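First the structure, in the form of structure tokens, and then the observations on it.
Count residues from 1 along the sequence. What you see is a predicted model, and the numbers here were worked out from it, not measured in a lab.
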Amino acid sequence: MSTSTDRAADRGDGLRFPDGFVIGSATASYQIEGAVEADGRGTSIWDTFSHTPGKTLDGDTGDVADDHYHRVEADLDLMQSLNLHAYRFSIAWPRIQPTGRGPANQAGLDFYSRLIDGLIARGITPVATLYHWDLPQALQDEGGWTNRETALAFAEYARIVGQALGDRVAIWTTLNEPWCAAFLGHASGVHAPGLTDPSAALQAAHHLNLAHGLAIEQLRAVVTNDPQFSVTLNLHMLRGSGPTGEEAVRRLDAVGNRVFTGPLLHGAYPADLLRDTASITDWSFVQEGDAEIIHQKIDALGVNYYSTSLVRVWDGRGERQRADGHVAGDASPWPGDDDIEFLPQPGPHTSMGWNIDPSGLEDLLLAVHAEFPGLPLLVTENGAAFEDTVTTGEGGPAVHDADRVDYLRRHLTAVHRAIERGADLRGYFVWSLLDNFEWALGYSKRFGIVRVDYDTLERLPKDSARWYAELAATRAIPAVSPDAEPSLSVGD
């Protein structure tokens, strides 16, 4: 971790990214769209979960969120004003098939068609994610991702969307962070559907992997342009502490990372994962031929990064430290690893409590590149939540979010270093374009470079948005004025 004396070295002001390097932003459907009952949209598991008392902070829901569904034209103009090269959005499965099966809901397809056309008209590349966690509730009622049939239904959904939009989307991403969907949703229960069954989590992980492979097959069969196909993983950047640190990293890497990279990119689940989890499941849900379906050639791997983890095997003395950066639940999201400790790390930290360590992003990108040297990479999410304050001056209301600007400067510098050291990195997408519904934490955390007033839904670009717009216009990391230095220091 950087010290207070060398933090300035992490800010590579003026560093220029290669021609063609994509500067974009990302969002997710349930977090911004609202309009949950509009134009035939069905109910998702996040509608059900957020309306269940006690599941989200203050009972917040995505019913309205940012009302992007009704404000899409203004939001498109906003993206254009920020000079974005690309916009990564997700498609809400319940808008396309309200129950997860059957014919398409034309109104849902029309919404995304208008969004894509609006992006193209403004010179912004459309990057579409098929699944960012909003599974139709009707499929959950049949077992959701623990049911193999859900993967087959996802393939049909992918085919429908590909047929309707597959002449204009530049990059298709099948799944966003399937680890969260499987393990936060089925092991710790802090995400929808709220289950606490480690066996179900591993089964869900396999069926998500299968869904990815089936969806790629269907998309390839129906798209008519020449897009790229990808998947986005939140690969955990793990560092060991003490003599048991290496073993702790190996075990968490198996159930946190290689449970996906193994079958998706190597063609098989790692043997140590199967051994580590043998007391939980016999993996009999993996059927003959699944490996070949899952192991599809992809054109890029999306990597989401926010922080690092420091881990060791618990020695049984004192209370085991469990703060892994996720919302705490009664159960662990790490099947088979109940004796692993997650140790506190030095600051600074974001308002999520996540340590700020740009070197973790650099190290992660280099490690992934070393393991998969022929596979282009995209940073599909990176950003920070801070306690933003609206001030009013001669120029009107403003959000002077120097800490977020500094976070982005330092992480983009790390991205640039990774490229210089050989990583085949093609783009960076800041999370997020807008403040939004932050899952179980409701509206308490603000990740956006654009502030959303949740009473009026007015959009207000923060200083970080203006800084990012300059980055996108020049592909060079902008400097900031001396009076806009961050307030955070090591130890915060």
Side-chain angles (χ1 to χ4, degrees), residues 90 129-133 135 144-146 148 150-151 154-155 158 172-188 191 198-217 229-238 249-277 280-281 283 285-287 290-306 309 324-326 333-337 364-365 367-372 375-381:
S90 77
T129 299
L130 286 175
Y131 188 71
H132 200 133
W133 311 348
L135 181 74
W145 289 114
T146 67
R148 186 182 180 87
T150 297
F154 186 75
W172 289 99
T173 300
T174 53
L175 309 172
N176 179 81
E177 297 187 349
W179 187 88
C180 294
F183 295 98
L184 298 183
H186 297 78
S188 67
H191 277 196
S199 176
L202 293 166
Q203 195 166 1
H206 175 66
H207 292 148
L208 282 157
N209 285 332
L210 183 63
H212 158 82
L214 292 168
I216 293 286
E217 289 181 337
F229 300 103
S230 70
V231 65
T232 282
L233 305 177
N234 57 316
L235 296 173
H236 299 82
M237 184 58 206
L238 304 160
V249 167
R250 182 200 65 75
R251 287 166 55 187
L252 293 176
D253 182 53
V255 78
N257 296 333
R258 289 182 287 121
V259 66
F260 297 107
T261 60
L264 292 172
L265 301 175
H266 286 304
Y269 287 101
D272 62 329
L273 169 68
L274 304 183
R275 289 195 306 268
D276 291 347
T277 57
I280 298 171
T281 179
W283 291 83
F285 44 79
V286 180
Q287 297 185 10
D290 284 1
E292 290 75 18
I293 294 171
I294 294 169
H295 189 209
Q296 298 287 325
K297 181 185 181 300
I298 58 174
D299 303 293
L301 175 66
V303 176
N304 291 355
Y305 173 85
Y306 293 96
S309 295
D324 63 354
H326 304 292
W334 303 93
D337 294 323
L364 178 62
L365 292 171
V368 175
H369 173 70
E371 186 173 358
F372 309 106
L375 182 60
L377 306 178
L378 296 165
V379 175
T380 37
E381 287 185 25

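Between the CG atom of Asp276 and the CG atom of Leu252 there is a distance of 10.0 Å, given to the nearest 0.5 Å. Here CD1 of Ile216 is found 12.5 Å from CD1 of Ile294. Values are rounded to the nearest 0.5 Å. To the nearest 0.5 Å, atoms CD (Glu177) and CZ (Phe183) are separated by 13.5 Å. One distance of note links CG of Leu377 with NE2 of His369; it measures 8.0 Å at 0.5 Å rounding. Between the NE2 atom in His295 and the CG atom in Leu265 there is a gap of 6.5 Å [rounded to 0.5 Å]. Atom CZ in Arg258 sits 4.5 Å away from atom CG in Asp253 (nearest 0.5 Å).
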Any chance you could lay out the side-chain contact (heavy atoms from CB on, under 4.5 Å) test for Leu210 and Arg148, step after step, and finish with the verdict? CA-CA 9 Å; Leu210 183 63; Arg148 186 182 180 87; 3.7 Å; yes

Can Leu264 and Leu233 be said to form a side-chain contact (heavy atoms from CB on, under 4.5 Å), step by step? CA-CA 11 Å; Leu264 292 172; Leu233 305 177; 4.2 Å; yes

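Shown here for Ile298 and Phe229, the closest heavy-atom pair between the two residues is CB-O, 3.4 Å. Summarising the geometry of Val259 relative to Ala205, their closest heavy-atom pair is CG2-CB, 4.2 Å, with the distance given to 0.1 Å. In terms of heavy atoms, Pro333 sits closest to Ala187 at CA-CB, 3.8 Å. Taking all atoms of both residues into account, the shortest heavy-atom contact from Ala215 to Phe154 is CB-CE2, 3.5 Å. Here the closest non-hydrogen pair linking Leu175 and Val231 is O-CG2, 3.7 Å. Pro198 and Ile280 get closest at one heavy-atom pair: C-CG2, 3.9 Å.
Under the side-chain contact (heavy atoms from CB on, under 4.5 Å) criterion, Val286 pairs with His206, Tyr269, Trp283, Asp290, sequence neighbours left out. Checked against salt bridge (charged side-chain N to carboxylate O under 4.0 Å, His left out), Glu381 has the following partners two or more places apart in sequence or in another chain: Arg88. Residues satisfying the ring pair (Phe, Tyr, Trp, His ring centres under 6.0 Å) criterion with His207, sequence neighbours excluded, are absent altogether. Residues that satisfy the ring pair (Phe, Tyr, Trp, His ring centres under 6.0 Å) test with Tyr131, not counting sequence neighbours, are Trp145. With sequence neighbours excluded, the residues satisfying ring pair (Phe, Tyr, Trp, His ring centres under 6.0 Å) with His236 are Trp179, Trp334. A search for side-chain hydrogen bond (donor to acceptor under 3.5 Å, both in side chains) contacts involving Ser309 returns nothing, not counting sequence neighbours.
When atom types are taken as modelled, the side chain of Thr150 and the backbone of Gly144 share a donor-acceptor pair closer than 3.5 angstrom. Although no hydrogens or angles enter the test, the distance criterion places no donor-acceptor pair under 3.5 Å between the side chain of Asp299 and the main chain of Pro376. The backbone N or O of Ala181 sits less than 3.5 Å from a side-chain atom of His186, completing a donor-acceptor pair. The closest donor-acceptor contact from the side chain of Ser230 to the backbone of Trp172 lies under 3.5 Å. A donor-acceptor contact shorter than 3.5 Å is absent between the side chain of Ser90 and the backbone of Leu130.
For the pair Leu301 and Thr261, the minimum side-chain heavy-atom distance is 4.5 Å or more. Taking the side chain as every heavy atom from C-beta outward, Asn176 and Asn304 approach each other to under 4.5 Å.
Counting only N and O atoms by type, the side chains of Thr380 and Thr232 include a donor and acceptor under 3.5 Å apart.
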